[in-house]
Amino acid sequence: MDKPILEVKNLSVSFNAFSGTVRAVRNIDLELYKGETLVIVGESGSGKSVTTKAILGILPKNGRIDSGEIIYQGEDMAKYKEKDFYNIRGKRISLVFQDPLSALNPIMKIGKQITEALILSGKYDKKSAKKRAIELMEAVGIPKPELRYEQYPFQFSGGMRQRIVIAIALASDPEILICDEPTTALDVTIQSKILELINEMKAKNDLSIIFITHDLGVVANMADRICVMYAGKIVEFGTAEDIFYRPAHPYTWALLSSIPDLDTKEKLFSIPGAPPNMLAPPKGDAFAQRNKYALAIDFEEEPPFFKLSDTHYAATWLLHPDAPKVEMPEILAHRIERMKEANGIVD
Amino acid sequence: MLKYVFERVLAMLVTLAIIVTMGFMVIRLMPGSMFEGNPDMSPEQLAALEAKYHLDKPLLVQYGYFLRDAFTKGDWGTSLKLYPNVPVWEILQTRIPISMYINVYSLLISLPIGVILGIVAAIKKNTWVDYTVSFLVVICISVPSFVFATLMQYFFAFKMEAFPIIYEPTAVGMAKLYSLALPIMALALSPIARVARYLRAELAETINSDFMLLAKTKGLTERQATINHGIRNSLLPLMNIIVPMFTNILGGSLVIETIFAIPGMGGMMVNSINAPDYEVTLAILIFYSIISLSTILLVDISYGIIDPRIRMGGKK
């Protein structure tokens, strides 16, 4: 494999809150390769958004990077000062937000919001920036872009606004696009259209994408590799096939079991309990409390990564040679069988 | 937009009519009458005077006479006690300019200073800059303007002799501004503090909004994002407090004018109520209502100019 274009090594991020220090991200490693879509999945508060904010240097004021490196273009962005990011943000790495309703300035014309960064960067004058903006709006599927250019965000629907946010993100031809739950605030029919658009833009603009979501079902068709995050740590990572067909971590099992399935009449699975309090991360495996497969050692010591294949790793003591042999839940096993059949995959 | 302005003007006129009606009634319902208690006057003379000015008629009839004179002859009444037989409009004409002079000047200097202080405090939130500004803000809001006026008069005018102690009626141009500098400053302190406090809160919130984050992620520098997105968006709610601020200045002005012996509306208002001189009191009331209502109108309209959501209201 080539060298990754973006590499996160041993990153830890914490927040100072009134009640103490919240350890939002704990020692994670990530690699993004050129042209791939890397999906980070996890429930709310698992640290996925924080990771991307740390990459772009837009952590809130009370947040800080405790340790680790973020290697991009041979430089460690974790050590960047605010002004070092001015050449990165928007120009090399762009971000698409979760909520398009609040991401656009309500009292600024759409056109100006797209062209603003272009003009301020000095590479475009007013006229060429407008031309570029209208091209972009056309590309992201905004009908009548000349007319829409002069309009305000309140005249756009949610899906249209997300298209605008994507257009803004792509304006300066970035290399990496980070999508932070870009479809969560949209309704289901619009979701699939936005995903299609992101895929299309990826192909057209030669993008590498980090896609953050809490819903594995959403990204099944676009993920190349998947990282599963829980309580600020990565618990399993592998190719999309590894994660969907050969999940090994009990948390991944639970996540996959909680995707609605139209082909069965089973009751939808939900993970019992709540994520741990990150003010005081639990000893051992953070998921142990909610895990019916938890072993005694899970409450004592954090599991290391066990290698399943060259691309597939999982952090669970179940994979230790001495651990009792545990099979994934039957429902999930059935489901995976059916998925494999449907997609014509034979092991 | 035109419809919006028209609706606003209409609402303003209705409000004004209500204020005038209520003001008229309340002033005349006050105990005592204009000519009562004058030892030089015989009961017959009193009755004759009251009959002449319709004061012996029921209240509603008096109001009818007032409206008739006001609309048909443009006659808003005549002062009977403070300046016997001078039409109130003429009295106001001599008084309004000087009052407006200090009021408008204090508004004009308080807005930019307040805005700058607010922006600085918001950007430097939770640093010593912010704490200093916030501390001064609390003092300027809680201490009434006449206290500042008196202190300034004592220290700057009396002790340091940097400014005249009282207003010099003969001064013109810059000399006039100079002789009124202390009252203007005393009046401006509280509005400066209000603007600064309000803008600090607004901007601090806007800075944490999603669109500020988007502005940063699309490649704007901190400064560009704050100026292009933060400040304009926080100036909008500021319009809300300009009206109460201006009426606050007008109110403070009544007392300040007395302190600096300025022949403005302030002294006359108190005197006319005490006299009592119904017509003058009512005229002053109408004048202040018109000023406040026009300020509100102005703010409503400028809201429309700044905020497209209001300007285009409903039209999609």
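Since the structure is predicted, the reported quantities are computational estimates derived from the model, not experimental observations. Worth knowing before you read on, the calculation uses all heavy atoms, side chains too, and leaves out hydrogens, waters and symmetry mates. Proteins come first, then strands; the chains are lettered A, B, ... in the order of their sequence lines, and each starts at number 1.
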Counting only heavy atoms not in A:Q73, do more than 12 sit closer than 6.0 Å to its CD atom?
-> yes
Chain B shares the most heavy-atom pairs under 4.5 Å, among A:K61, A:M108, A:K91, A:K83, with A:M108
B:K176 atom NZ, over 12 foreign heavy atoms within 6.0 Å = yes
Grab the two heavy atoms, one from B:L214 and one from A:A103, that are nearest each other, plus how far apart they are.
-> CD2-O, 3.1 Å
Under 3.5 Å donor-acceptor, A:Y86 side chain and B:E222 backbone = yes
Name the region of A:Q98, side chain, backbone, both or neither, that has any atom closer than 4.5 Å to a heavy atom of chain B.
-> neither
Checking B:S209 against chain A: side chain, backbone, both or neither under 4.5 Å from a heavy atom?
-> neither
For B:R197, does the CZ atom have more than 12 heavy-atom neighbours from other residues, nucleotides or ligands under 6.0 Å away?
-> no
What is the distance from atom CG of A:L101 to atom CG of B:D210, rounded to the nearest 0.5 Å?
-> 10.0 Å
Contact origin within B:N208 toward chain A - heavy atom pairs under 4.5 Å | neither
Using a cut-off of 6.0 Å, state whether more than 12 heavy atoms not belonging to B:K124 lie near its atom NZ.
-> no
Is the backbone of A:S172 close enough, under 3.5 Å, to the side chain of B:K218 for a donor and an acceptor to pair up by distance?
-> no
Nearest atoms (heavy-atom pairs only) where A:F97 meets B:T217 | CE1-OG1, 3.9 Å
Highest number of heavy-atom pairs under 4.5 Å with chain B: which of A:L104, A:I178, A:N87, A:I168?
-> A:L104
Can you name the nearest heavy-atom pair linking B:N233 to A:P106, along with the distance?
-> ND2-CD, 3.8 Å
From the list A:V165, A:N105, A:I107, side-chain contact (heavy atoms from CB on, under 4.5 Å) with B:F211 holds only for A:N105
Spacing of CD1 belonging to A:I58 relative to CG belonging to B:L213, to within rounding of 0.5 Å = 4.0 Å
Between A:E116 and B:H229, is a side chain to side chain contact (heavy atoms under 4.5 Å, CB included) present by the stated rule, with each step listed?
-> CA-CA 11 Å; A:E116 194 183 17; B:H229 294 270; 2.7 Å; yes
Could you tell me which portion of A:K53 (side chain, backbone, both or neither) has an atom closer than 4.5 angstrom to a non-hydrogen atom of chain B?
-> side chain
Is it the side chain or the backbone of A:P174 that comes within 4.5 Å of chain B heavy atoms, both, or neither?
-> neither
